[in-house]
A.B. asks: 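I have a structure I would like to understand better, so I am pasting it below and will then ask my questions one at a time.
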Amino acid sequence: MFFGRKNKEDKDKKAADKAARKLIKTVVGLEWEQKQRVDIHTQQIGYAQTKDEYETERTGRLMTWTPQMLESYQKWLEQTPSVMRLRKIYGLADQDPDQYETFKSELPQLSEERMQKVEEVLKTEYEWAQDVKIHCPNTWRREASLDQEDARKFGEVSFVTARRAEMYTIDEQTFELYCKLVEDRKNSGSNLIHDIMDNKAKLKGYVSLESEEDRIRKMLTSPC
């Protein structure tokens with residue numbers, strides 16, 4: 001009886017994992033398709049992501065989401081073709097402030113409550129990111145600058161702006177579910193930003209984020 005129950009649980013888990021991977025692939029595909037239609041041009045100094053790099057970046061993040069969140073966000077993307085354009089406009093605040101002034105009238109009017117909740121979540125995520133940066137500094141250098149001022153020096157979008165932009169451009173249901181995810185992680189003492197970066201490291205072939213950090217450190221310290 002025990003083995004039969006365990007086999008069923010294993011099969012159910014495999015089926016759930018397969019369904020989640022399919023959802024993530026669909027969501028990332030919808031984002032990428034919208035991203036290609038964004039016709040805002042900037043004098044960006046940072047590099048442009050390839051499709052593979054974008055898929056790794058987004059898949060690593062979305063792997064932390066629940067199926068309910070993914071389904072909700074998928075519907076939002078299908079109904080709202082401007083999501084990635086709006087996200088790009090928010091990013092202009094770092095990349096090109098003058099262009100941001102030109103396009104910011106397109107941005108939605110958000111309630112004070114929504115903006116306050118975003119800042120509360122962002123405060124937690126910023127603390128998590130700082131912790132990851134301290135423990136894995138070499139890997140973090142490949143991520144976005146934590147602060148807007150640093151990001152502007154390189155024509156990039158900062159961690160803070162990117163996270164705020166995403167939370168501003170998801171629907172209310174997905175946002176509430178995301179708030180719950182962050183709150184649950186916070187209460188359990190886990191670090192969501194670490195888990196996202198750990199997922200990305202594994203997608204790139206590393207055992208963990210820490211193994212990627214160790215690999216980069218050895219490359220930087222080894223004699224030429």
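Atoms considered below: every heavy atom in the structure, side chains included; atoms not considered: hydrogens, waters and symmetry mates.
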A.B. asks: Given a cutoff of under 4.5 Å between side-chain heavy atoms of I, L, V, M, F, W and Y, with clusters grown through shared members, what are the other residues clustered with Ile134?
C.D. replies: none
A.B. asks: Atom CD of residue position Gln36 - does it have more than 12 heavy atoms of other residues, nucleotides or ligands inside 6.0 Å?
C.D. replies: yes
A.B. asks: Could you pull out the closest heavy-atom pair between Asn191 and Ile193, with the gap in Å?
C.D. replies: OD1-N, 3.0 Å
A.B. asks: Closer than 3.5 angstrom, by distance alone: can the side chain of Thr80 be matched with the main-chain N or O of Val83 as a donor-acceptor pair?
C.D. replies: no
A.B. asks: Report yes if some heavy atom in the side chain of Val27 is under 4.5 Å from a heavy atom in the side chain of Trp76; otherwise report no.
C.D. replies: no
A.B. asks: Going through the distances and angles, do Leu220 and Ile216 end up as a side chain to side chain contact (heavy atoms under 4.5 Å, CB included)?
C.D. replies: CA-CA 6 Å; Leu220 293 173; Ile216 297 172; 3.9 Å; yes
A.B. asks: Evaluate the side chain to side chain contact (heavy atoms under 4.5 Å, CB included) criterion for residues Tyr100 and Leu107: first the C-alpha distance (whole Å), next the side-chain angles of each, then the deciding distance (0.1 Å), finally the verdict.
C.D. replies: CA-CA 10 Å; Tyr100 175 74; Leu107 298 174; 3.8 Å; yes
A.B. asks: Do any N or O atoms from the side chain of Thr59 and from the backbone of Thr56 form a donor-acceptor pair under 3.5 angstrom?
C.D. replies: no
A.B. asks: Are Val160 and Leu146 packed together at the side-chain level, in the sense that at least one heavy-atom pair is separated by less than 4.5 angstrom?
C.D. replies: no
A.B. asks: Could you state the interatomic distance from OG (Ser208) to CG (Asp214), rounded to the nearest 0.5 Å?
C.D. replies: 9.0 Å
A.B. asks: Taking all heavy atoms of Ile89 and all of Glu106, pick out the closest pair and write down the distance.
C.D. replies: CD1-OE1, 3.6 Å
A.B. asks: Run Gln173 and Tyr73 through side chain to side chain contact (heavy atoms under 4.5 Å, CB included) and show every step you take.
C.D. replies: CA-CA 8 Å; Gln173 178 177 319; Tyr73 182 48; over 6 Å; no
A.B. asks: Check this for me, if you would: do Arg152 and Glu149 make a salt bridge, where the nitrogen-to-carboxylate-oxygen distance has to be below 4.0 angstrom?
C.D. replies: no
A.B. asks: Carefully, step by step, assess Glu166 and Arg163 under the rule salt bridge (charged side-chain N to carboxylate O under 4.0 Å, His left out).
C.D. replies: CA-CA 5 Å; Glu166 180 168 347; Arg163 298 300 309 124; 2.8 Å; yes
A.B. asks: Donor-acceptor pairs under 3.5 angstrom involving side-chain atoms of residues 199-207: please list them, not counting sequence neighbours.
C.D. replies:
residue : atom : partner : partner atom : Å
Asn199  : ND2  : Gly60   : O            : 3.1
Asn199  : ND2  : Asp195  : O            : 3.3
Lys200  : NZ   : Glu57   : OE1          : 2.9
Lys200  : NZ   : Glu57   : OE2          : 3.4
Lys200  : NZ   : Glu143  : OE1          : 2.9
Lys200  : NZ   : Glu143  : OE2          : 3.1
Lys202  : NZ   : Asp198  : OD2          : 3.1
Lys204  : NZ   : Glu212  : OE2          : 2.8

A.B. asks: List the steps and the verdict of side chain to side chain contact (heavy atoms under 4.5 Å, CB included) for Phe103 and Lys88.
C.D. replies: CA-CA 10 Å; Phe103 291 102; Lys88 175 67 174 179; over 6 Å; no
A.B. asks: For Glu156 and Ser145, work out which heavy atoms get closest and say how close.
C.D. replies: OE1-OG, 3.7 Å
A.B. asks: Between Leu209 and Val132, is there a side-chain heavy-atom distance shorter than 4.5 Å?
C.D. replies: yes
A.B. asks: Check Trp128 against Ser190 and note the closest heavy-atom contact, atom names and distance.
C.D. replies: NE1-O, 3.3 Å
A.B. asks: Would you say that Glu125 contacts Met167 through its side chain, given a criterion of any heavy-atom pair below 4.5 Å between the two side chains?
C.D. replies: yes
A.B. asks: Pick from Arg85, Arg58, Arg61: which one makes a salt bridge (Lys or Arg N to Asp or Glu O under 4.0 Å) with Glu31?
C.D. replies: Arg58
A.B. asks: Within the 4.5 Å heavy-atom criterion, are Thr124 and Arg185 side-chain neighbours or not?
C.D. replies: no
A.B. asks: Are side-chain heavy atoms of Val121 and Lys117 found at a separation under 4.5 Å?
C.D. replies: no
A.B. asks: Hey, is Lys123 close enough to Glu119 for a salt bridge, meaning N to O under 4.0 Å?
C.D. replies: no
A.B. asks: Using a 6.0 Å cut-off, check whether atom CD of Glu172 has over 12 heavy atoms from anything other than its own residue.
C.D. replies: yes
A.B. asks: Can you hop from Val157 to Leu86 via hydrophobic side chains spaced under 4.5 Å?
C.D. replies: no
A.B. asks: So which heavy atom on Gly91 is nearest to which on Thr161, and how close?
C.D. replies: CA-CG2, 4.1 Å
A.B. asks: Could you tell me whether the side chains of Tyr126 and Asp131 share a donor-acceptor contact shorter than 3.5 Å?
C.D. replies: no
A.B. asks: Does Arg164 make a cation-pi contact with Tyr90, if we ask for NZ or CZ under 6.0 Å from the ring centre and within 45° of the axis?
C.D. replies: no
A.B. asks: Please determine whether side-chain hydrogen bond (donor to acceptor under 3.5 Å, both in side chains) holds for the pair Ser158 and Asp94, giving the CA-CA distance in whole Å, both sets of side-chain angles, and the decisive distance to 0.1 Å.
C.D. replies: CA-CA 7 Å; Ser158 69; Asp94 291 342; 2.9 Å; yes
A.B. asks: Answer yes or no: is there a side-chain heavy-atom contact under 4.5 Å between Met69 and Ser72?
C.D. replies: no
A.B. asks: Contact between Trp65 and Tyr178 at the side-chain level, heavy atoms closer than 4.5 Å - yes or no?
C.D. replies: yes
A.B. asks: Check this for me: does any side-chain nitrogen of one of Glu176 and Lys180 sit under 4.0 Å from a carboxylate oxygen of the other?
C.D. replies: no
A.B. asks: Inspect the contact between Glu55 and Lys25 and indicate whether a charged nitrogen and a carboxylate oxygen are less than 4.0 angstrom apart.
C.D. replies: no
A.B. asks: Any luck finding a side-chain donor-acceptor pair between Glu210 and His194 under 3.5 Å?
C.D. replies: yes
A.B. asks: Tell me whether Arg114 at atom CZ has more than 12 heavy atoms from other residues, nucleotides or ligands lying less than 6.0 Å away.
C.D. replies: yes
A.B. asks: From Leu62 CG over to Ile24 CD1, what is the distance, rounded to the nearest 0.5 angstrom?
C.D. replies: 6.0 Å
A.B. asks: Just by modelled atom types, is the Ala93 backbone N or O under 3.5 Å from a matching donor or acceptor in the Gln148 side chain?
C.D. replies: no
A.B. asks: Between Glu213 and Arg217, does any NZ, NE, NH1 or NH2 come within less than 4.0 Å of an OD or OE carboxylate oxygen?
C.D. replies: no
A.B. asks: In Å, rounded to the nearest 0.5 Å, how long is the span from CE of Met197 to CG of Leu192?
C.D. replies: 12.0 Å
A.B. asks: Looking at Gln74 and Leu23, what are the two nearest heavy atoms and their distance?
C.D. replies: OE1-CD2, 3.1 Å
A.B. asks: If you measure from CZ on Arg215 to OG1 on Thr139, what distance do you get to the nearest 0.5 Å?
C.D. replies: 12.5 Å
A.B. asks: Would you say Phe175 and Leu181 are hydrophobically clustered, going by side-chain heavy atoms of ILVMFWY under 4.5 Å?
C.D. replies: yes
A.B. asks: Quick one about Thr174 and Asp171 (side-chain donor to acceptor, distance below 3.5 Å, no hydrogens or angles considered), yes or no?
C.D. replies: yes
